[in-house]
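Note on naming: letters A, B, ... go to the chains in the order of the sequence lines (proteins, then strands), and numbering restarts at 1 for each one.
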Amino acid sequence: MKQLTIKQIHSDLIEKKYSVVELTKYYLDRIKKYNTEYNIYLNVTESEALTQAKITDDKIQNEQNIKLLEGIPASIKDVIITKDVKTTAGSKMLENFIPPYDSTVVNRLKEQGMVLLGKTNCDAFAFGASTENSGYGPSKNPWDKAKVPGGSSGGSAAAVSADLCSYSLGTDTGGSIRQPAAFCGNVGLKLTYGRASRYGLIAMASSFDTPGPITRTVEDAAIVASTISGFDKYDSTTYNDSVPNYADQLTKNLNGTKIAVLAESFGEGVEEPVKNNVKRSISVFEKLGAQISEVSLPKLKYGISAYYILVPSEISSNMSRFDATRFGYLSNNAQTLLERQSNSREEVLEEEVKRRIMLGNYALSSGYYDAYYLKAAKIRTLIKQEFENTLKDYDVIISPTSPTVAFNLNEKKDDPLAMYLADIFTCPVNIAGLPAISIPCGFSDSNLPVGLQIIGRSREEQTVLNVAYAYEQATPWHTKFAEVFE
Amino acid sequence: MSLDINIVKKVAQLSRLNLTVSELEKFQKQLSTVLEYIDEIDKLDTSDIEPTLNISGTLNRTRADLIEPSLTVEQALQNAPTHSQNSFVVPYVFSSVKDNT
């Protein structure tokens, strides 16, 4: 039952090689074995999982047809709400929060018969790139437990890597699906902004947040993407375009595909193993029939600055809902309304959460709004235009996902700016609202995964998936698993 | 460029965060470092550029003003720290109301 993909499980279930209950118990036992050490799951929903597993087993016993995702055990990042299942956003602010409804993306997976194994660890409110900002302790990287799994969807990526679920659902605001996927050797897909609904995502930055899959293979990501995508009346930023069956339309044919290699991929600050593996991937694409050129996008280097004004600004607004009124922690030491709000937030919000709220309120406050927020919004236009112009001449842009491989726990924890610079290749994609995927492209000498990022035109996730699929099928990386978990 | 500590205090108040003295000092340092890095945005000429305030491309979506199924009162209140009957309970906003002045 090791490291199975969605289609493998589906055909095994139909052939009755094992039952859904047996498969679910396999994952639950592994979680019991490894979760204390790796701190991947915040909440394991054992009885819900086995109940759903039995429902699907009964259908199989009765010779009824089951859907592709039916009976497949999955995990969900804890910033995505699940009805009646505790959801904490990785923060002590929501330690006891029980959502009264499901997010749209979870609802769509449940409609297909997903078996929910539990909720995975993340940086508090998704603010971070290492999972070290979680109010419940960091998760550890299955490839090396002295290293971070990346973030903010670190728990989700580690869960897939450590074979503690078949796939996971995360969120990506500045790289939070792609970067942990890169650090953990998985596939992480960020959809076009508006392709999948944000309804039920605990909001971080509303014009950046995107839910998406972390999986073992590109085909699995394509399957989950088709399921969660599509117009949602509860999210007015979703668009009406029909959702293709991305998996059925995957092709390995890259003849005539024009690929731009981001020249900045090989600059200062990018580690040698990252540069080397990304360089080597170029020859794979050439063999597959693609035309490759190096292209510079000089405005992208302003991405971090623009991002760390716009996102904290939106954060500061979204975090106002945590005022001890409708949900969340209430201080024991508060009489007046002001004390109730200020003391409750002070006592439980994690440090990075406070820092981003402060940064955002500063950038939006009177006297600073024009110099910071408005200026950053104009840079957003410039970055978006630069991507769009480049993608008129090329089908995709490739770059490293992250300038480094997984770093040590505690290494960047006390240096906020160093942590922010981890997003240098990923956050411009969210600034522009484009689709992008991270796929494994090799390893460092210390056997840590390196991720390759493929960025496409708005609403063209099929092209992104195809380029990724062609590369994946021509390379061995998707067959490599972390040693501890063999 | 170091942020004035009084500005940090003001922002903390806007943020509804009752920060400790040591937190104020730490954030003063850290925010100053981040803002110093961010100051590079002054290098870009954006005088003729419109800001991007809408990334989805969708505009005002409306629906008919009809009542649809929603949360029950119990569900809406289930996570409230203090509630009474059908309401969330909060302290008085205006002290004049409380003191009847």
Side-chain angles (χ1 to χ4, degrees), chain A residues 96-101 193-194 207-208 233 236-239 299 302 304-306 308-309 316 320 323-330 334-343 345-346 349 354-355 357-362 365 372 374-382 384 416-417 420 432-433, chain B residues 3 7-8 10-20 23 26-27 30-31 33-44 46-63 70-72 74-83 88-95:
Chain A
N96 299 304
F97 178 66
I98 311 282
Y101 60 97
Y193 179 86
S207 77
F208 290 78
K233 70 178 184 181
S236 301
T237 59
T238 55
Y239 50 86
K299 302 266 177 4
Y302 296 97
I304 296 274
S305 297
Y308 278 100
I309 294 168
S316 66
S320 308
D323 61 356
T325 302
R326 290 167 294 159
F327 35 64
Y329 173 81
L330 170 64
Q335 303 306 318
T336 66
L337 183 66
L338 186 62
E339 281 169 357
R340 188 180 171 101
Q341 295 168 347
S342 301
N343 293 355
R345 289 156 66 87
E346 160 64 13
L349 287 179
K354 289 178 184 170
R355 193 160 30 239
I357 293 172
M358 293 282 287
L359 190 51
N361 275 322
Y362 177 77
S365 60
Y372 289 107
L374 199 57
K375 180 87 183 182
K378 292 182 178 187
I379 296 176
R380 187 168 200 177
T381 303
L382 288 176
K384 193 164 176 282
L417 186 59
Y420 296 166
Chain B
L3 276 183
I7 292 181
V8 182
K10 174 76 185 157
V11 174
Q13 192 185 45
L14 288 173
S15 304
R16 292 295 186 263
L17 289 170
N18 189 12
L19 299 179
T20 62
E23 276 178 317
K26 179 173 60 179
F27 287 143
Q30 291 175 338
L31 294 179
T33 305
V34 173
L35 289 167
E36 222 171 88
Y37 178 89
I38 283 172
D39 276 343
E40 66 163 12
I41 61 175
D42 291 339
K43 290 194 201 132
L44 272 178
T46 54
S47 42
D48 290 322
I49 307 294
E50 284 302 302
T52 294
L53 300 172
N54 179 324
I55 195 75
S56 68
T58 61
L59 294 176
N60 298 327
R61 282 238 163 84
T62 57
R63 64 175 177 88
S70 182
L71 296 179
T72 64
E74 291 71 34
Q75 284 174 320
L77 292 175
Q78 78 185 21
N79 292 289
T82 51
H83 58 95
F88 298 101
V89 170
V90 293
Y92 285 92
V93 176
F94 300 111
S95 58

Trace of the side chain to side chain contact (heavy atoms under 4.5 Å, CB included) decision for A:Leu359 with B:Leu35: CA-CA 9 Å; A:Leu359 190 51; B:Leu35 289 167; 4.0 Å; yes
Part of A:Tyr420 within contact of chain B (heavy atom distance under 4.5 Å): side chain
B:Thr58 to A:Thr238 - nearest heavy-atom pair and separation: CG2-O, 4.0 Å
Under 4.5 Å from any heavy atom of chain A - which part of B:Ile7: side chain
Residue list, side-chain hydrogen bond (donor to acceptor under 3.5 Å, both in side chains) with B:Thr82, at least two apart or on another chain: A:Arg340
Partner chain B: residue of A:Gly194, A:Ala377, A:Pro99 with the largest heavy-atom pair count (under 4.5 Å): A:Ala377
Residue pair A:Tyr372 / B:Asp39, side-chain heavy-atom distance below 4.5 Å: yes
Side chain / backbone / both / neither for B:Leu19 at chain A, heavy atoms under 4.5 Å: both
Donor-acceptor contact below 3.5 Å, side chain B:Asn79 vs main chain A:Ile98: yes
Any residue meeting side-chain hydrogen bond (donor to acceptor under 3.5 Å, both in side chains) with B:Thr52, in chain and number order, not counting sequence neighbours: A:Thr381
Closest heavy-atom pair and its distance - A:Met358, B:Ala12: SD-CA, 3.6 Å
Pick from B:Lys26, B:His83, B:Arg63 with the largest number of heavy-atom pairs that fall under 4.5 Å of chain A: B:Lys26
Separation between OG of B:Ser70 and OH of A:Tyr101, rounded to the nearest 0.5 Å: 10.0 Å
Any B:Leu44 side-chain heavy atom under 4.5 Å of A:Lys299 side chain: yes
Heavy-atom closest pair, residues B:Pro81 and A:Gly328: CG-O, 3.6 Å
Between CD1 on residue A:Ile379 and CD1 on residue B:Ile41, distance to nearest 0.5 Å: 5.0 Å
Point-to-point distance, once rounded to the nearest 0.5 Å, from NZ of A:Lys375 to CG of B:Asp42: 6.0 Å
A:Tyr193 and B:Ser56: CA distance, side-chain angles, deciding distance, side chain to side chain contact (heavy atoms under 4.5 Å, CB included) verdict: CA-CA 6 Å; A:Tyr193 179 86; B:Ser56 68; 3.6 Å; yes
Among B:Ile55, B:Thr20, B:Leu59, B:Val11, residue most engaged with chain A (heavy-atom pairs, under 4.5 Å): B:Ile55
Minimum heavy-atom distance A:Leu337-B:Tyr92, with the two atoms named: CB-O, 4.0 Å
Most chain B-contacting option - heavy-atom pairs closer than 4.5 Å, from A:Gln335, A:Gln341, A:Lys233, A:Arg326: A:Arg326
Pairwise distance CD(A:Glu346) to CG(B:Asn18) - rounded to 0.5 angstrom: 6.0 Å
Closest-packed option against chain B by number of heavy-atom pairs under 4.5 Å, given A:Ala306, A:Ser365, A:Ser305, A:Ala324: A:Ser305
Proximal component of B:Val8, with respect to chain A [non-hydrogen, under 4.5 Å]: both
Working for side chain to side chain contact (heavy atoms under 4.5 Å, CB included), residues B:Val34 and A:Arg355: CA-CA 11 Å; B:Val34 173; A:Arg355 193 160 30 239; 5.9 Å; no
Heavy-atom donor-acceptor pair, A:Arg345 side chain to B:Arg16 backbone, under 3.5 Å: yes
Proximal component of A:Ala334, with respect to chain B [non-hydrogen, under 4.5 Å]: neither
Interchain contact, B:Tyr37 with chain A, by part (heavy-atom threshold 4.5 Å): both
Leading residue by heavy atom contact count with chain B [cutoff under 4.5 Å; candidates A:Ser316, A:Gly433, A:Ser320, A:Ser236]: A:Ser236
Chain A interface, residue from B:Gln75, B:Glu23, B:Glu40, B:Lys10 that has the most non-hydrogen pairs under 4.5 Å: B:Glu40
Residue, of A:Leu382, A:Ile309, A:Thr336, A:Asp323, that accumulates the most heavy atom pairs under 4.5 Å with chain B: A:Leu382
